[in-house]
Number of protein chains: 2
Amino acid sequence: MNKRTTKALLTKKKISEAALRLFNEKSFSEVTVDEIIKETNTSKGAFYTHFKSKHDIFLEKFKEIDDYYVNELVHLIAKEEKYADRLEIFLRLQMTYIEKDLGWDVIRTIYEVELNIERDSFFLIPDRPLYSILLDIFVNGQKNEEFRNDLSPEKMMDICLRTMRGILYDWALRKANFSLIEEHGDLFRVMIRGLMK
Amino acid sequence: MNKRTTKALLTKKKISEAALRLFNEKSFSEVTVDEIIKETNTSKGAFYTHFKSKHDIFLEKFKEIDDYYVNELVHLIAKEEKYADRLEIFLRLQMTYIEKDLGWDVIRTIYEVELNIERDSFFLIPDRPLYSILLDIFVNGQKNEEFRNDLSPEKMMDICLRTMRGILYDWALRKANFSLIEEHGDLFRVMIRGLMK
DNA sequence: TAATTTTACAGACTGCAGTCTCTTTGTCAA
DNA sequence: TTGACAAAGAGACTGCAGTCTGTAAAATTA
C-alpha cells in the first residue's frame, strides 16, 4: 500500500461517508453530486474516478450490508429442524431488517435503479448469498419431503424471489404505508403453502 | 369546441403520435423531448402544456390500452364456472397481452417511473379495472367455497397483485430473457394453491 | 367594435448527472 | 537520479428534462 493508493482510498472513503450521510439526512434523489464534492472539497474528477455513478456509491454500501446481514441470518435459522420453518423465519428476519435498518428510500432507490438499462444490475449477480441460502432450503426441504418435488429447487427459488420482489416493490411504491413486518406473513404463508407437499 | 381548442388538440395528438412511434422505434429512454418537438415542428412550450412530463405521454396511452384490454378480458373469463379457473385464465391472458402486445420496454419504463417520487402513480389509482376484476373473483370465489375464507378478498387481491408485480418486475429486470407466457404458470399456480380451501 | 383577458406556443434558461481534457504528483525502471 | 509513465484529481463542458418569460392570436366582455 503506497502513498498514492492510501491517499486515494482516503478520498474515496471521505466521499462515500459524506454521501451516505447526506442520503440519510435528505433522500437519495435530493442529494446532488455537486453537493457531495463541495462538502468534501473534492471534484467531479475525484468522484467519478472512484464511483461509476451517483447510484454506485449507494449500491456499494448496500452490497456490503446485504452480504454481512444475510450471512448472519444463516446462523439464526440453522437450529430449526424443518426447512419450511427456516424459510419462514428467514423471510421474517429479512423483512424486519429491511423495514427497520434499510428503510423505504433505500429499497425504492435500489428497485428503481435496478431497472435502469445502462447500469449493471446487482440483483442479477448470481452469487448473492441470498440465493445460495434459499437454494439450500429448497434442496434440503425437498429431500426432507417437506416441499413438493414436481418443481426443481431452482424453480422454487425463482418463485420465492419473485414473491419477495413483489412485496418489496409494492412497499416501495406505497412509500411504506404498510408495515412489512406485519403484512409479509400473509403473502409468504400463501406461497409456502403452495410449495408444500 | 372552438377554433383554439381544436388546434390545441391537434397539436397534442401530433406530439403524442410522433412520440409513441419514436418510443417504439428506439426505446423510451433513447428518445429525447427535443427530438420529439423537432420531428413535430413544435416547441418545449407546446410539449409541456399538453404533457406533464416525458413519461406522462407514455402513461396516458398506457392507461387507455390497459382499460380497454382489461375490460375485454372480463367477457373472456365470464363463461368459466369456477372462479379459480377464471383467475388462472385471466392471469394467463394478462401475461400474454403483456408479452405480445406491450413488450418489455413498456413494462420496464412503467415499473421504473412508478417508483419516481415526484410523479403521481398509476398503479395506486384505486379504480383501475384490474382491481375490480380481481376483487370480484375473490369475493365470489369465497362465496363459492373455492377459496379459503380466513383471508379477506381485499387481502387476497393484495397477495395476487404483489405476486403479479413480482414476476413482471423480474421480467423487466431480466430484459425479458424468459417467456412470461411459459413461466407465469408455475408461480401463479403456487399462489392459487395457497389461496384455495 | 374596441378593450381586456386567456391560452397555446416559442424558445431562452436552469439544474443536474455524467464526460472529457489537462495538470500534478507519486512510482518505477534503467 | 532522472526520465517515462500512470493514475488521482480539478474543473470546464455536454446532453437532457423540465421551467420560466414573453408573445400573438383567439375568446370574452363592455
Side-chain angles (χ1 to χ4, degrees), chain A residues 1-20 22-23 25-60 108-110 112-120, chain B residues 1-20 22-23 25-60 108-110 112-120:
Chain A
M1 181 80 74
N2 61 35
K3 199 173 164 186
R4 187 147 73 186
T5 326
T6 311
K7 194 165 166 272
L9 238 61
L10 204 76
T11 306
K12 182 170 182 176
K13 194 165 167 250
K14 193 167 64 171
I15 291 175
S16 168
E17 280 172 1
L20 292 167
L22 288 167
F23 293 160
E25 277 170 27
K26 311 186 189 187
S27 72
F28 178 78
S29 58
E30 281 168 329
V31 178
T32 67
V33 174
D34 282 310
E35 197 179 346
I36 298 167
I37 63 177
K38 199 177 170 190
E39 188 107 337
T40 50
N41 292 310
T42 55
S43 66
K44 280 279 173 77
F47 189 96
Y48 284 98
T49 40
H50 294 298
F51 303 98
K52 269 190 285 185
S53 68
K54 190 181 129 186
H55 302 97
D56 189 51
I57 202 170
F58 183 84
L59 277 177
E60 197 169 276
R108 209 214 93 249
T109 307
I110 289 167
E112 187 184 355
V113 172
E114 282 289 311
L115 291 184
N116 264 211
I117 322 173
E118 300 95 51
R119 289 171 233 294
D120 29 304
Chain B
M1 179 83 76
N2 61 34
K3 198 173 163 187
R4 189 146 72 184
T5 326
T6 312
K7 195 164 166 273
L9 237 62
L10 204 77
T11 307
K12 181 170 182 177
K13 194 166 168 249
K14 192 167 67 170
I15 292 175
S16 168
E17 280 171 1
L20 291 167
L22 287 167
F23 292 159
E25 278 170 27
K26 312 185 187 186
S27 71
F28 178 80
S29 58
E30 280 167 331
V31 178
T32 67
V33 173
D34 282 309
E35 196 179 348
I36 297 167
I37 63 177
K38 199 176 170 191
E39 188 105 338
T40 50
N41 293 310
T42 55
S43 67
K44 280 280 173 78
F47 189 97
Y48 284 98
T49 41
H50 294 298
F51 303 98
K52 268 189 287 186
S53 68
K54 190 181 128 186
H55 302 97
D56 189 51
I57 202 170
F58 183 84
L59 277 177
E60 199 168 277
R108 208 213 94 248
T109 307
I110 289 167
E112 188 185 352
V113 172
E114 282 289 312
L115 292 184
N116 264 213
I117 322 173
E118 299 96 51
R119 289 171 234 294
D120 30 304

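Proteins get letters first, then strands, A, B, ... in listed order; numbering begins at 1 in each. These numbers come from a predicted model, not from an experiment.
At least one side-chain heavy atom of A:Y48 sits less than 4.5 Å from a side-chain heavy atom of A:V33. Side-chain contact between B:H50 and B:E60 is absent, with no heavy atoms from C-beta onward closer than 4.5 Å. A:T109 places none of its side-chain heavy atoms less than 4.5 Å from the side chain of A:E112.
What you find for A:I37 and A:S43 is that their closest heavy atoms are CG2-O, 3.6 Å. Contact detail for B:I117 and A:S29: the closest heavy-atom pair is CD1-OG, 3.7 Å. Looking at every heavy atom in both residues, A:A46 comes nearest to A:T42 through CB-CB, 4.0 Å. Between B:E30 and B:E35 the shortest heavy-atom distance is O-OE1, 3.9 Å. Taking every heavy atom of both residues into account, B:L59 and B:I110 meet most closely at CD2-CG1, 4.2 Å.
Between B:E35 atom CD and D:dG15 atom C1' the separation is 13 Å, expressed in whole Å. Atoms CD1 (B:I36) and C1' (D:dG15) sit 15 Å apart, rounded to a whole Å. Counting to the nearest Å, the P atom of D:dC16 and the CG atom of B:L22 are 14 Å from each other. Following rounding to the nearest Å, A:E30 (CD) and C:dC16 (P) show an atom-to-atom distance of 11 Å.
In terms of position along DNA chain D, the nucleotide closest to A:H50 lies nearer the 5' end than the nucleotide closest to the other residue of the pair B:D34 and A:H50.
Sorted by first and then second residue, the salt bridge (charged side-chain N to carboxylate O under 4.0 Å, His left out) pairs involving residues 47-57 of chain A (not counting sequence neighbours) are A:K52-A:D120. Counting only residues at least two apart or on different chains, the salt bridge (charged side-chain N to carboxylate O under 4.0 Å, His left out) pairs with a member in residues 38-47 of chain A are A:R21-A:E39, A:D34-A:K44.
Checked against side-chain hydrogen bond (donor to acceptor under 3.5 Å, both in side chains), B:T11 has no partners two or more places apart in sequence or in another chain. B:S16 pairs by the side-chain hydrogen bond (donor to acceptor under 3.5 Å, both in side chains) definition with nothing, not counting sequence neighbours. By the ring-ring contact (aromatic ring centres under 6.0 Å, His included) test, A:F28 pairs with A:F23, A:H55, A:F58, sequence neighbours left out. Partners of A:N2 under the side-chain hydrogen bond (donor to acceptor under 3.5 Å, both in side chains) rule, at least two apart in sequence or in another chain, are A:T5. Listed by chain and number, the residues in a side-chain hydrogen bond (donor to acceptor under 3.5 Å, both in side chains) with A:E114 are A:S121 (sequence neighbours excluded).
Here the CD1-CZ distance, from A:I15 to A:F51, works out to 6.0 Å after rounding to the nearest 0.5 Å.
The rotation axes computed at either terminus of the helix from C:dT1-D:dA30 to C:dA30-D:dT1 lie 0° apart, taking five pairs at each end and rounding to 10 degrees.
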Could you list all N or O pairs between the protein and nucleotides 2-4 of chain D that sit under 3.5 Å apart?
none

Protein N or O to nucleotides 2-4 of chain C N or O, pairs below 3.5 Å:
none

Inset, instruction - Going 5' to 3' through nucleotides 18-30 of chain D, assign each nucleotide B (protein heavy atom under 4.0 Å from a base atom), S (under 4.0 Å only from sugar-phosphate atoms) or - (no protein heavy atom that close). - result: BB-----BBS---

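Using a 4.0 Å heavy-atom cutoff across all strands shown, B:T32 reaches sugar-phosphate atoms only and no base atom.
Non-hydrogen atoms lying under 4.0 Å from DNA chain C are contributed by nothing in residues 9-18 of chain A.
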